[in-house]
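See structure below.
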Amino acid sequence: MMPTVQLINEFEEKLKNLSDDELRAKTTAWKEELAKIPDTEEQWKRLDEILPEAFAVVKNAARRLTERKHTFTVCDQPMTWNMVHFDVQLIGGMVLHRGRIAEMATGEGKTLVATLPLYLNALAGRGAHLVTVNDYLARRDAEWMGQLYNFLGLTYGCIEHDQPPDSRREQYAMDITYGTNSEFGFDYLRDNGMATTREQQVQRGYYYAIVDEVDSILIDEARTPLIISGPATVSTHQYDKWKPLVDQLVRKQNMLGNRIASEAMEKFEKGEIEDAGILMFKVKLGQPRNKQLLRMMEDPDKRRAIDKAELSFYADTRKEELFALKEELFYTIDEKSNETDLSEQGREFLNPDDPNAFVLPDLISEFTEIDLDPTLPDTEKDAKKTERQHHCDVQAERIHNIAQLLRAYCLFEKDVQYVIEENKVVIVDEYTGRKMPGRRWSDGLHQAVEAKEGVQIDRETQTLATITIQNYFRLYQKLAGMTGTAETEAAEFHDIYKLDVNMIPTNRPIVRKDANDRIYKTRREKYNAVINEIRECHARQQPVLVGTVSVEASELLSRMWHSRKIPHNVLNAKFHMQEAEIVQRAGQPGTVTISTNMAGRGTDIKLGEGVADRGGLYVLGTERHEARRIDRQLRGRCARQGDPGASRFYVSFEDDLMRNFGAADRMTRIMERFGLEEGQELEHPWLNKSVETAQKRVEQRNYLARKRTLDFDDVMNNQREVVYTYRNETIDTEEPRPLIYEVIDESVPAKVKEYLDGNEPNYTGLLHWVNTTFPLGLNKEKAQFETRSVEENAQFLIEKIKDAYERKSSHEEPAAVKSLERYIILNAIDRLWQEHLYAMDALREGVYLRGYAQKDPLVEYKTEAYDMFVELMANIKNEVLHNLFRSTSNLQAFENFLATLPQFLTREHPPTGAAATTTAAAGEHGDGSGEVTLDLPVRRSLPKVGRNEPCPCGSGKKYKSCCGRTA
Ligand code: ADP
Ligand code: MG
């Protein structure tokens, strides 16, 4: 890439002689040229060709702004422009243009890097998006970099949280648009799931996007999908019903846990180490966060006894014993896999009358039994199977509800994973400590937590539209990303997003000193050491940035320091702007700043005066994070742009990471070998390695979990694409009539087949269906179905229906007909798609339960989802057919049409008693949908007209002497 850098700089040299207007003219010329290339591929090619000169233009504009000390305000703060792109930034820009991830360290100026490819790609006129992690950064970066775009004659905009649709549309219409991932994603959902006209939509396509802090957005945020929900039509859950019982059960188990732990303590004291270890292992199975258990894990002897018990029970030969051990508890819970399991005792407690209430029946055997039962008539077999299936569904729902409640009670802690605000459960992002209002855990877990906390269970809502962040970003024709830390997740970026990672060298060499981890037995000892270290830094006025892994830990540290009178700032994730100010100050002499996780904070720390001489910023991690990437983020906050700086992590065996994924056994042995004294620490490069091994294990597991979510969402994604495309086609088309005819052409033959394609063709049924759906007024004699083949009958009906439809529409305003036709299709899509989403949710829950029966849930899900989708599409079309003659834009026009029909047609009585249900159903479809709905073919729902009033058919005669004559 170096030759290109040279080329850019040569171009830039030449540009220096141009006037401002001449420089700006380049933009207009390129835009005009590119607008004439309709093919995207061709456009890309051309963009590649002009890249060196275009980048040079941007760089030159930056130079001009620097030279004239251009001043402006960003987020109400005065600023002066002082940046000209460095060579490494040009390289970063090229990587972004190619649709890759540029890994560039913190402080390398990624905000400025993005201006190069954004400018270049915006020239194509299809919109270039820059995605940031929060509203504040979107606005800051837009106003800041906007200086450059403005100068070059490009427009820029910014999507903000509370913007009304009109302003959003304006922002999207700009050449370059900044915004957060959720705003972009929600706009997509609203445009495609809710808007009914092109005018209501705000976005204009997905051409090119650069995702800033790409790891934070595509990996950390990707775990909770964006969901728009609305009033639910169905609700089945029983969380509030089961809550009191589960509450008691959890309490019983906790008491049991405490009792066993005390027993174990006695045994330890008596020297019965092995028995005690087994007892404590049992506590771990049932109550992994038991206080006494955590304390015993601090003691190497006890810890080893417990680990030994655990190891031995997981040996294959002891399966039975492990099972027996579990049965002594009410339930078991696995912190690593999040799994819960009720024991016999637990089931008995929850439902003493029927302990089988929590076991899924063996449907397959039951079905076989029913099939083979000679005493059952065939007709009853199906009914019986349906009954068993229903029974199974009820059980499944119950098991699921209980399992989610147990998880809510035992693994989800208030103020850690969530907070309660305004009587709502709000998820806290475990990586950043930020609250994520509006997001919900899926699969009923959110309701379970709501039940546990006694707040309103949001049963009234259901998903109206949903997409994962991953799938939103896959919509873009070209996607790029930038971050300080992508390398460790390169495989995931490649597999899921087809994004390759390129490491860009820093502008100046990095001189940061990364010290070995310091490892302690207990948290308490670790924190004491941290406090001492900070005190020393503070004494020599070296600024310290202290990283924690949770908001809880930040607050704990803050309290400890408060009492020890160490002045400090705590980063408060609630206010992004204040946060940015605190971060900016974090490099001043003697400052101590505590922060939960620095990933995606987007503000870099500049050193205050004299700080460089004191070693620069010191980064102190109080715990290793689950992912190595987050640790790298934290370290990367110091030593930016060649500054001095140092970093060190403090770790204790009590940290979650170490407890769950550390080589517990090995660690215990080391502790013993070294005979660690109170307050003593371990430090060795080899130990860093084993911490990292633990991290890699967690990363792998989390990756698989995300992949799994995506596998499931992929199924939905394909369906969403089909439905949204259909929807947009309907919205966009000038002529909706062909879409309507397409429905007739497809659905009528299918229906005809349904009636006629059996052993015994059901002519009466077909006739009835025709006459209750279309005003054709057919009778047996006119229909003559018997004389034609199935296909001929279909063709015959299609022609008749189209003909009638033409006649109906000819009585209406052409424009009104068009919007009515669009409306009929959109309405059918939306209503049934939402129902479908609901069913898919249920299916997803359901297949997990089937997972118990050793089937792969994903395979099951795919097969059934496919069947459901085929059905959905057929249903949509049938609903369109159904409403074709029932809706009208204008009652008068509809009556005009009805008046032209031969009277007997609209009065024909249906051949069977099914008429009542048909009309009732027709009434339902019209509910609340705004259009006028009339029962067909019976005309009795027409409004009453006075005998002397003009006839509504438009004939000009009085009603009594026109249509009213027969009444
Ligand atoms: P990153 O996002 O990569 O961490 P930022 O975009 O926040 O970095 O930029 C960090 C700082 O570096 C900003 O204060 C910015 O003004 C400065 N900076 C970036 N590029 C340049 C440059 N070419 N010349 C001078 N300062 C720069
Ligand atoms: Mg940044």
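All ligand and atom numbering here is 1-based and tracks the order in the structure. Everything quoted here is computed from the prediction, not taken from an experiment. Sequential numbering from 1 along the given sequence is applied to the chain's residues.
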message: Working note: F473 + F184, criterion ring-ring contact (aromatic ring centres under 6.0 Å, His included); need CA distance, chi angles, decisive distance, verdict.
response: CA-CA 9 Å; F473 284 111; F184 280 114; 7.5 Å; no
Donor on one side chain, acceptor on other, D631 and Q695, under 3.5 Å: yes
- prompt: Does some non-hydrogen atom of Q89 fall short of 4.0 Å from ligand 1?
  reply: yes
task: Evaluate side chain to side chain contact (heavy atoms under 4.5 Å, CB included) for E53 paired with I8, printing each intermediate quantity in order.
output: CA-CA 6 Å; E53 197 180 350; I8 298 170; over 6 Å; no
- request: Start with the C-alpha distance between F649 and R635, add both sets of side-chain angles, then the distance that settles side chain to side chain contact (heavy atoms under 4.5 Å, CB included), and finish with yes or no.
  value: CA-CA 9 Å; F649 277 86; R635 284 206 155 114; 3.4 Å; yes
query: What's the verdict on side chain to side chain contact (heavy atoms under 4.5 Å, CB included) for D20 and R24, showing C-alpha distance, side-chain angles and the deciding distance?
result: CA-CA 6 Å; D20 283 1; R24 249 187 295 267; 3.6 Å; yes
field: Flag side-chain contact, heavy atom, 4.5 Å: I219 against F493
entry: yes
- request: Number the atoms of ligand 1 from 1 as they appear, then name those within less than 4.0 Å of a heavy atom of L112, with their elements.
  value: 20 (N), 23 (N)
message: Any nitrogen or oxygen of R140 lying under 3.5 Å from a nitrogen or oxygen in ligand 1? Just yes or no.
response: no
Positive for side-chain contact (heavy atoms from CB on, under 4.5 Å) with L15, one of E22, K59, E10, K26: K26
message: Heavy-atom distances under 4.0 Å decide this one: backbone, side chain, both or neither, for R640 against ligand 1?
response: side chain
field: Short side-chain donor-acceptor distance under 3.5 Å, R204 and Y172
entry: no
- request: Give the numbers and elements of all ligand 1 atoms closer than 4.0 Å to a heavy atom of N82.
  value: 25 (C)
message: Counting only heavy atoms closer than 4.0 Å, does ligand 1 sit against the backbone of K606, its side chain, both, or neither?
response: side chain
task: Just jot down the ligand 1 atoms closer than 4.0 angstrom to any heavy atom of A105, in number order.
output: 3 (O)
message: Using a 4.0 Å heavy-atom cut-off, which part of V113 comes near ligand 1: side chain, backbone, both, or neither?
response: neither
- request: Indicate, as side chain, backbone, both or neither, the part of W81 found under 4.0 angstrom from ligand 1 when only non-hydrogen atoms are considered.
  value: neither
task: Would you mind listing which atoms of ligand 1 come within a distance below 4.0 Å of any non-hydrogen atom of T106?
output: 4 (O)
- prompt: Testing R624, R629, R628, R632 for salt bridge (charged side-chain N to carboxylate O under 4.0 Å, His left out) with E692, which one passes?
  reply: R624
query: Taking only heavy atoms of W144, which atoms of ligand 1 are found under 4.0 Å from at least one of them?
result: 13 (C), 15 (C), 16 (O)
message: Evaluate M83 for polar contact with ligand 1, using N/O atom pairs at a separation under 3.5 Å.
response: no
message: Pairs of nitrogen or oxygen atoms closer than 3.5 Å, one from H85 and one from ligand 1: do any exist?
response: no
